[in-house]
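Worksheet: one structure, shown below.
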Amino acid sequence: MSKEITSRQQDYSQWYNDLILKGGLADYSAVRGCMVIKPYGYALWENMRDQLDKMFKETGHQNAYFPLFIPKSFLSKEAAHVQGFAKECAVVTHYRLMNDPNGGGIIVDPDAKLEEELIIRPTSETIIWNTYKTWIQSYRDLPLLINQWANVVRWEMRTRLFLRTAEFLWQEGHTAHATAQEAIDETLLMLNIYAEFAEEWMAMPVIKGVKSINERFAGAEDTYCIEALMQDGKALQAGTSHFLGQNFAKAFDVKFSDKQNKLDYVWATSWGVSTRLIGALVMAHSDDEGLVLPPKLAPIQVVIIPIYKGDEQKNLIDEKVKVLMITFKALGIKVKYDDNDNNRPGWKFAEYEMKGVPIRIAIGARDIEKNVVEVARRDTKEKMTVSIDGLAEAMHVLLNDIQTNIYSRAKKYRDENISKADTWDEFKKVLDGPGGFISAHWDGTAETEDKIKELSKATIRCIPLSNTQEEGKCILTGNPSRERVLFARAY
RNA sequence: CGGGGCGUAGCGUAGCCCGGUUAUCGCGCCACAUUUGGGAUGUGGAGGUCGCAAGUUCGAAUCUUGCCGCCCCGACCA
């Protein structure tokens, strides 16, 4: 009983932290707001990254890499952009250290002050558009479809493991197009890729929508997003895709000649998802026993645990498992045989439950006699006896089944937690009760949105893309409204 | 930045109010043995700038002052 997890009901935040720390995904570090991603957590990120990368490449994007440092003057070229990020920038002012002449150890050399300060990128639009200026002259250079996998820094006041860290890993796509329509199509294409990834790989249902002006990315014309619902009834933005119009092209003077030799500014998009997705994944499926990972992303899909008395039995099991492992791997199943004898089976059972491994197989001498194994699935905690013949195929099917099951479970929860509210009282009642998404009328003004946020801490998560038009009255002001939007308290 | 909590071995803790042997206990770690179908047991062992600094005192984990760090809640945000 060395690793107790706080229950969700007792303290949801603590539960979340326990899962991350005790599940071996990450650790706190010596640096405020920055975490260490441990091998198991990083393996999960690699799986997510690899799949997304594949999807980006399938849609014609290429990877590139731009500098970590952004000259201060670049950031201020797009007015809205700098306003959005100025308050959370880490700034490099010097380039050298020296021994303190007063014996105080190492100090910053005052003579080594940079002429122009460098900002550690909070996002890379500016450095990238400064570069695109030199890459784009003609419509023949378009579209330019680039993605970058990188780390970025945002000096957040309050941080949380994976959900909001001062430094985080992400990908940022930055594309340039000849027409507005093409850029809008790209924005939506990437939004759909994010949604597909969230639903099919993370098994996490999301709502696609567009942000209100208040919630829009700094420098964008339109911000699209996917919004997911966590088990505590709070929403989480899982990915964003921005139509940037010609804002950055104008700020960085990026023009191209069209077929008629007419000069025009190019149209831009940017889109990103981050290690925050790991936080989303954790909160979407896990329970009080630990993580529950979707098979498609789990670093370990099947763990095999031997149960034996003495070397003779152990050897027998080893032989059997060796053959099984080959059949598992042939089907592309990520399997681990844990025959470490430091820990007994019971300990391992608990440990792999904590780590969210989708399937656990226990195999002992008496199983081999009967040509069976014990299979336990993490999502339902169900145990069953399965024949060794065709085991890999059966597990392959079961992994798919688990993937589908946790998706349906999450979707059922999500759907049950979308409520309609037509009055302020109803609205507050849901928020202070179960939470979740609230579909409500809003008069469309930023002032009202701010007021609602101030009064209820709920924000407009998005205006769903497939929204039905419907006459109604704003829940706060009673002013006329043409459609409902989704509110929630959010991470 | 405001509110709350915390800092003692890798982790979790007792001791602090009321200063006084060698700083408590559990987990983990190392060795050996017995074990292995839901977090094993025994025996032996290693491991400590009590967050940092100054002060009070014969004597400080304990009292005083200052500082630092972390976590949780809120404002900011992906």
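Numbered from 1 within each chain, the chains take letters A, B, ... in sequence-line order.
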Produce a footprint string for nucleotides 71-78 of chain B: one letter per nucleotide, 5' end first; B if the base is under 4.0 Å from any protein heavy atom, S if only the sugar-phosphate is, - if neither. SSBBBBBB
Nucleotide by nucleotide, nucleotides 33-38 of chain B touches protein heavy atoms under 4.0 Å in the pattern (B base, S sugar-phosphate only, - none) --BBBB
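A ring-centre distance under 6.0 Å is found for A:Trp271 and A:Phe56. Proximity of the aromatic rings of A:Phe487 and A:Phe427 is defined here by a centroid distance below 6.0 angstrom, and this criterion is met. Two rings, from A:Trp347 and A:Phe349, have their centers 6.0 Å or more apart.
Atom name C1', nucleotides B:G47 and B:U24: the rounded distance is 16 Å, in whole Å. If you take atom P in B:C32 and the same atom in B:U21, they sit 38 Å apart, rounded to whole Å. B:G15 and B:C58 have their P atoms separated by 29 Å, with the value rounded to a whole Å. Using atom P as the reference point in both B:C52 and B:A61, the two lie 11 Å apart (nearest Å). Across the P atoms, B:G66 and B:G3 are found 16 Å apart, a figure rounded to whole Å. When the C1' atom is used for both B:G20 and B:G7, the distance is 25 Å, rounded to whole Å. A gap of 33 Å separates the P atoms of B:C1 and B:C18, to the nearest Å. Using P as the reference atom, B:A14 and B:G26 are 15 Å apart when rounded to the nearest Å.
Not counting sequence neighbours, the partners of A:Phe85 by the ring pair (Phe, Tyr, Trp, His ring centres under 6.0 Å) test are A:His81, A:Phe217. Under the ring pair (Phe, Tyr, Trp, His ring centres under 6.0 Å) criterion, A:Trp15 pairs with A:Tyr12, not counting sequence neighbours.
Under a 4.0 Å N-O distance rule, the pair A:Arg378/A:Asp287 qualifies as a salt bridge. Contact check on A:Asp338 versus A:Arg360 returns no salt bridge, with no Lys/Arg side-chain nitrogen under 4.0 Å from an Asp/Glu carboxylate oxygen. Taking 4.0 Å as the cut-off between side-chain N and carboxylate O, A:Lys314 and A:Asp339 count as a salt-bridged pair.
Between the CG atom of A:Leu21 and the C1' atom of B:C27 there is a distance of 17 Å, given to the nearest Å. One can place CG of A:Asn340 at 13 Å from P of B:A40, the figure rounded to the nearest angstrom. Distance CG (A:Asn342) to C1' (B:C27): 15 Å, rounded to an integer number of Å.
In RNA chain B, consecutive stretches of 3 or more Watson-Crick or G-U wobble pairs with both distances under 3.5 Å are given as paired ranges: B:1-7 with B:68-74, B:10-12 with B:25-27, B:29-34 with B:40-45, B:51-55 with B:63-67.
Screening residues 216-226 of chain A for side chain to side chain donor-acceptor pair (under 3.5 Å) gives A:Glu221-A:Asn247, A:Thr223-A:His242 as the qualifying pairs, with residues at least two apart or on separate chains.
Across A:Glu215 and A:Ile460, no two heavy atoms sit closer than the pair CG-O, 3.7 Å.
Using bins of under 30°, 30° to 60° and over 60° for the plane-to-plane angle, the ring pair A:Phe252/A:Phe248 lands in the parallel bin.
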